[in-house]
Amino acid sequence: MGKSIAQGIDKAPSRSLYKALGFTDEEIGKPIIGVVNAYSEIVPGHSHLNQIAEAVKAGVWAGGGVPVVVPSIGICDGIAMGHSGMKYSLPSRELIADSVESMTYAHAFDGLVLIPNCDKIVPGMLMGAARCNIPSIVVSGGPMLPGRFKGKAVGFATMSEAVGAVKAGKMGLHELNELENKACPGCGSCSGMFTANSMNCLTEALGMALPGNGTIPAVYAERLRLAKETGKQIMALIDKQITPRMILTKEAFVNALSLDMALGASTNSLLHLTAIAAEVGVTLELGGDTKDKNTVAAVSARVPNLCRLNPATDTTVVDLYEAGGVMAVMAELARPLSPNIPPLIFGGALTVAGRKLSELYNDCDILDKNVIRTKDNPYSKTGGLAVLYGNLAPEGCVVKRSAVDDAMLAHKGPARVFNSEEEAVAAITQGQIKERDVVVIRYEGPKGGPGMREMLYPTSSLAGMGLAAKVALITDGRFSGATRGASIGHVCPEAAEGGPIAALQNGDMIAIDIPKGKIDVELSPKDLKKRLDRWRPKDDSVSGYLLRYRETVTSAARGAVLKKKF
C-alpha cells in the first residue's frame with residue numbers, strides 16, 4: 001500500500017511530507033509499517049508501551065522496513081469502574097477499530113504491528129486489522145506482576161473485595177491502606193485471568209501473535225525481545241503476503257474458544273471473539289438450536305478446564321507463564337487421549353509465525369501440573385465458561401463456571417430487582433441482600449446502559465461480605481474478568497429490548513442450573529407475556545457518542561457489534 005502513495009512524479013507532494021518527517025529517499029521506497037501504540041499515562045497496563053514500541057521499531061528496522069508510530073486510545077476499566085465512565089468502555093472498542101482502519105487506509109501502510117494491552121484495546125485493534133486485511137501482528141504489553149501482602153499474591157481483584165470486607169466490618173481502614181499500596185506493584189495488565197490477559201492469551205490461539213504474547217510479564221526483558229522478534233516478523237508476513245483473513249478462519253476461532261474454556265477466561269472474551277469473527281465473516285453462535293458442532297456451548301461441553309487462575313484461586317498469570325504458558329496448554333489440548341477421540345485443537349491453522357499452530361506447541365511441555373492440569377486430571381470435564389438458556393434468557397447468557405463455588409452451581413432463590421448498578425450496590429452495602437437471594441441488575445445491556453458496563457463493584461461487595469457462595473447475581477450487563485461467584489451476565493434479549501428480564505419483580509423465584517445450562521423464572525408463559533405486554537421502555541437522557549452507540553449497537557449475543565447497515 002505505502003509504495004503506491006510515494007512513487008512517481010504525481011506523488012512528489014506526498015514525498016515532500018515524508019521528507020518533512022526526516023525520511024530519506026531510500027526509506028520512502030521501503031515498506032511502511034504502522035506501529036499502533038496504545039501508550040498513555042492513565043492506564044497502568046499501557047504506561048510502558050513506548051518501550052515496547054521502541055523494541056518493535058528496532059525489529060522492523062532490522063527486517064528492512066520503516067516503522068511509524070501512530071496512537072490509539074485506551075480506557076482503564078479499573079479506573080472507569082463503578083461510575084458512569086464505564087459506559088464508555090465497551091463502546092471504545094468500536095472507536096479503536098475505526099481509528100486503526102482510518103489511519104491504515106489514509107496513510108496506506110504496508111503492514112501493522114498492534115501494541116495493545118488492556119481489555120477493549122486488544123479486540124478493537126484486531127477488528128481494525130481484520131477490516132484492512134494487510135499483514136498484521138500483535139504484541140501486547142504483558143501482565144503485571146502480582147503484589148505481595150501477608151505472604152499471599154494480591155492484585156486488583158483483591159482490592160475490590162477488600163472494600164466489601166471493610167463495609168462488612170471484616171477489615172480495618174489501616175489494613176485496606178496497606179493493601180492498596182501493594183496490590184498493583186507496577187506496569188502491566190492486572191495480574192489475574194481477567195479480560196486483558198484473557199484476550200492477550202487468545203491472540204496466541206487465534207494465530208495473531210507469537211508464542212509468549214499472553215503471559216510473559218510486562219517488566220521482563222523477554223517481553224522486549226518478543227517485541228523485537230514481532231517487528232522482524234511483520235516483514236516476513238509482508239514478504240509472504242500473509243494477511244489476517246488468511247489466519248482468522250473458523251478453525252482459529254474454535255482454537256481460541258478451546259483455549260478460553262481450558263483457561264477459564266473472562267466472559268468478556270465471548271463478546272470480543274464474536275466481534276472479531278464478525279469482521280471476517282465468521283459466525284460464532286452461543287448455542288441453542290443449531291447443527292453447528294462448534295458453538296460456544298458445544299466447545300464448552302467437550303473441552304476440559306485445565307487451569308484455575310485468579311480470581312478463582314490465588315494462581316496468577318505469571319504462574320501460568322512459569323508453568324509453560326499458552327503453548328503448553330494448547331499442546332495438552334492437542335494431545336490425543338485415545339485413537340477414537342479427536343484432538344481439541346486444529347493444529348493445521350496458520351499463524352503469524354508463518355507456520356502451523358502445531359509447529360509452535362509441539363515441543364512445549366507442562367512445567368507445573370499444579371497450575372496446568374492434564375486432560376486426565378482436569379478441574380472439570382467441561383470448560384471454564386458456560387452458556388445458559390431458559391425463559392429468562394431465550395437468546396442465552398454466560399457465566400464463568402470455573403469461578404463459581406460448587407454450592408452455587410445449582411441455586412433457586414427470590415429475585416431482588418434493581419434498574420441500575422448503583423441501586424444494587426447501595427442495597428448490598430447496606431446489608432439488604434440475604435442468603436439465597438438472586439440479585440437482578442437490568443437496563444445495563446449494550447442499549448440499556450448504554451454501553452454494557454462491567455460490574456465488579458456489586459460482585460466484589462458480595463464476595464467481601466462473605467456472600468459469594470450464597471447469593472447469585474444476574475444481569476443484562478457484563479462482569480469484569482476479576483469477578484467470581486455465580487455471576488451470570490449478557491442476558492439476552494436485554495431489558496431495554498423488552499427481554500424477559502424486564503418483566504421480573506421482587507420475590508419471583510429464579511432457578512439456575514449451571515451444569516444443565518438452564519436459567520428460568522418460575523412464571524407461566526401466560527403470566528410472563530402479560531407482564532411484557534404492559535412493559536414500556538425506560539426513558540433515559542443520553543447524548544453524544546453514547547446516543548449514537550445505543551442506536552446502532554446489536555445484542556450481546558452477537559458480540560455487541562455495530563449494525564452493518566442503517
Side-chain angles (χ1 to χ4, degrees), residues 2 22-23 26-27 30-39 45-72 100 104 109-118 121-122 125-126 129 134-145 186-189 196-197 199-201 203-204 206-240 242-244 247 317-318 321-322 325-327 351-355 357 359-361 363-364:
F23 280 53
E26 181 185 6
E27 288 170 340
K30 293 181 177 181
I32 307 297
I33 309 302
V35 179
V36 187
N37 181 8
Y39 164 80
H46 292 187
S47 61
H48 65 304
L49 293 190
N50 280 345
Q51 279 186 292
I52 304 296
E54 287 301 318
V56 167
K57 288 169 65 179
V60 172
W61 286 117
V66 179
V68 290
V69 175
V70 296
S72 167
V100 170
T104 300
F109 294 142
D110 295 289
L112 292 172
V113 178
L114 309 167
I115 310 178
N117 209 27
C118 293
I121 300 87
V122 181
M125 286 188 179
L126 283 170
I134 64 171
S136 305
I137 188 169
V138 175
V139 58
S140 71
M144 184 186 294
L145 295 177
C187 65
S189 48
N197 290 325
M199 291 307 302
N200 284 323
C201 287
T203 58
E204 294 187 46
L206 285 171
M208 287 299 296
L210 297 178
N213 182 64
T215 59
I216 298 171
V219 295
Y220 283 16
E222 187 180 355
R223 173 65 54 179
L224 296 178
R225 296 198 297 271
L226 177 68
K228 289 179 182 178
E229 290 299 325
T230 299
K232 287 178 62 178
Q233 187 59 23
I234 189 61
M235 302 311 299
L237 295 178
I238 289 173
D239 184 57
K240 297 176 182 178
I242 296 175
T243 62
I247 295 171
V317 176
V318 176
Y321 160 76
E322 293 173 349
V326 166
M327 288 300 150
T351 72
V352 289
R355 295 183 288 162
L357 184 63
E359 295 178 69
L360 303 183
Y361 62 64
D363 295 328
C364 296

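Just so you know, these numbers come straight off a predicted model, no measurement behind them.
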Mind listing the closest non-hydrogen atom pair of L210 and V352 along with its distance? N-CG2, 4.1 Å
Contacts of T351 that satisfy side chain to side chain contact (heavy atoms under 4.5 Å, CB included) - sequence neighbours left out: A353, L357, L360
Any sub-3.5 Å donor-acceptor pair from D239's side-chain atoms to M235's backbone N or O? no
So does L224 get a backbone contact from the side chain of Q51, meaning a donor-acceptor N/O pair under 3.5 Å? no
Does V69 form a side chain to side chain contact (heavy atoms under 4.5 Å, CB included) with Y39? I'd like the steps, not just the answer. CA-CA 11 Å; V69 175; Y39 164 80; over 6 Å; no
How many angstroms lie between CD1 in I242 and OG in S136, if you round to the nearest 0.5 Å? 12.0 Å
Taken to the nearest 0.5 Å, the spacing of L145 CG from Y220 OH works out to 5.5 Å
Under the side chain to side chain contact (heavy atoms under 4.5 Å, CB included) test, residues paired with A38 that sit two or more places apart: H46, L49, S72, I121, M125
Got a second to check how far C187's SG is from H48's NE2, nearest 0.5 Å? 4.5 Å
For the backbone of N213 and the side chain of S140, can you confirm whether one donor and one acceptor N or O come within less than 3.5 Å of each other? yes
Give me the atom names and distance for the closest heavy-atom approach of N200 to S189. ND2-OG, 4.4 Å
Can you tell me how far the CD atom of E26 sits from the NZ atom of K30, to the nearest 0.5 Å? 4.5 Å
I'd like to know if the side chain of N117 reaches the main chain of G142, judged simply by a donor and an acceptor atom lying under 3.5 Å from each other, with no hydrogens or angles considered. yes
Approximate separation, where rounding is to 0.5 Å, of L114 CG and T203 OG1: 10.5 Å
Salt bridge (charged side-chain N to carboxylate O under 4.0 Å, His left out) filter on E54, not counting sequence neighbours, yields K57
Show, in sequence, the C-alpha distance, side-chain angles and deciding distance for F23 and I32, and conclude whether the side chain to side chain contact (heavy atoms under 4.5 Å, CB included) test is met. CA-CA 11 Å; F23 280 53; I32 307 297; 3.9 Å; yes
Please determine whether side chain to side chain contact (heavy atoms under 4.5 Å, CB included) holds for the pair V139 and I115, giving the CA-CA distance in whole Å, both sets of side-chain angles, and the decisive distance to 0.1 Å. CA-CA 5 Å; V139 58; I115 310 178; 4.2 Å; yes
Side chains of P217 and R223 in contact at under 4.5 Å (non-hydrogen atoms): no
Note: P211 and M327 closest approach over all heavy atoms is CB-CG, 3.9 Å
List the steps, then state whether salt bridge (charged side-chain N to carboxylate O under 4.0 Å, His left out) holds for R225 with E229. CA-CA 6 Å; R225 296 198 297 271; E229 290 299 325; over 6 Å; no
For the CG atom of L112 and the OG1 atom of T104, what is their distance to the nearest 0.5 Å? 4.0 Å
Over all heavy atoms of both residues, which pair between V100 and A129 is shortest? Give the atoms and the distance, please. CG1-N, 3.9 Å
Side chain to side chain contact (heavy atoms under 4.5 Å, CB included) for V56 and I33? Distances and angles first, verdict last. CA-CA 10 Å; V56 167; I33 309 302; over 6 Å; no
Closest non-hydrogen atom pair between N197 and P143, with its separation: OD1-CB, 3.5 Å
For A218 and G188 the tightest heavy-atom approach is CB-CA, 3.8 Å
Side chains of P135 and D110, heavy atoms from C-beta outward: is any pair under 4.5 Å? no
Any sub-3.5 Å donor-acceptor pair from E222's side-chain atoms to I216's backbone N or O? no
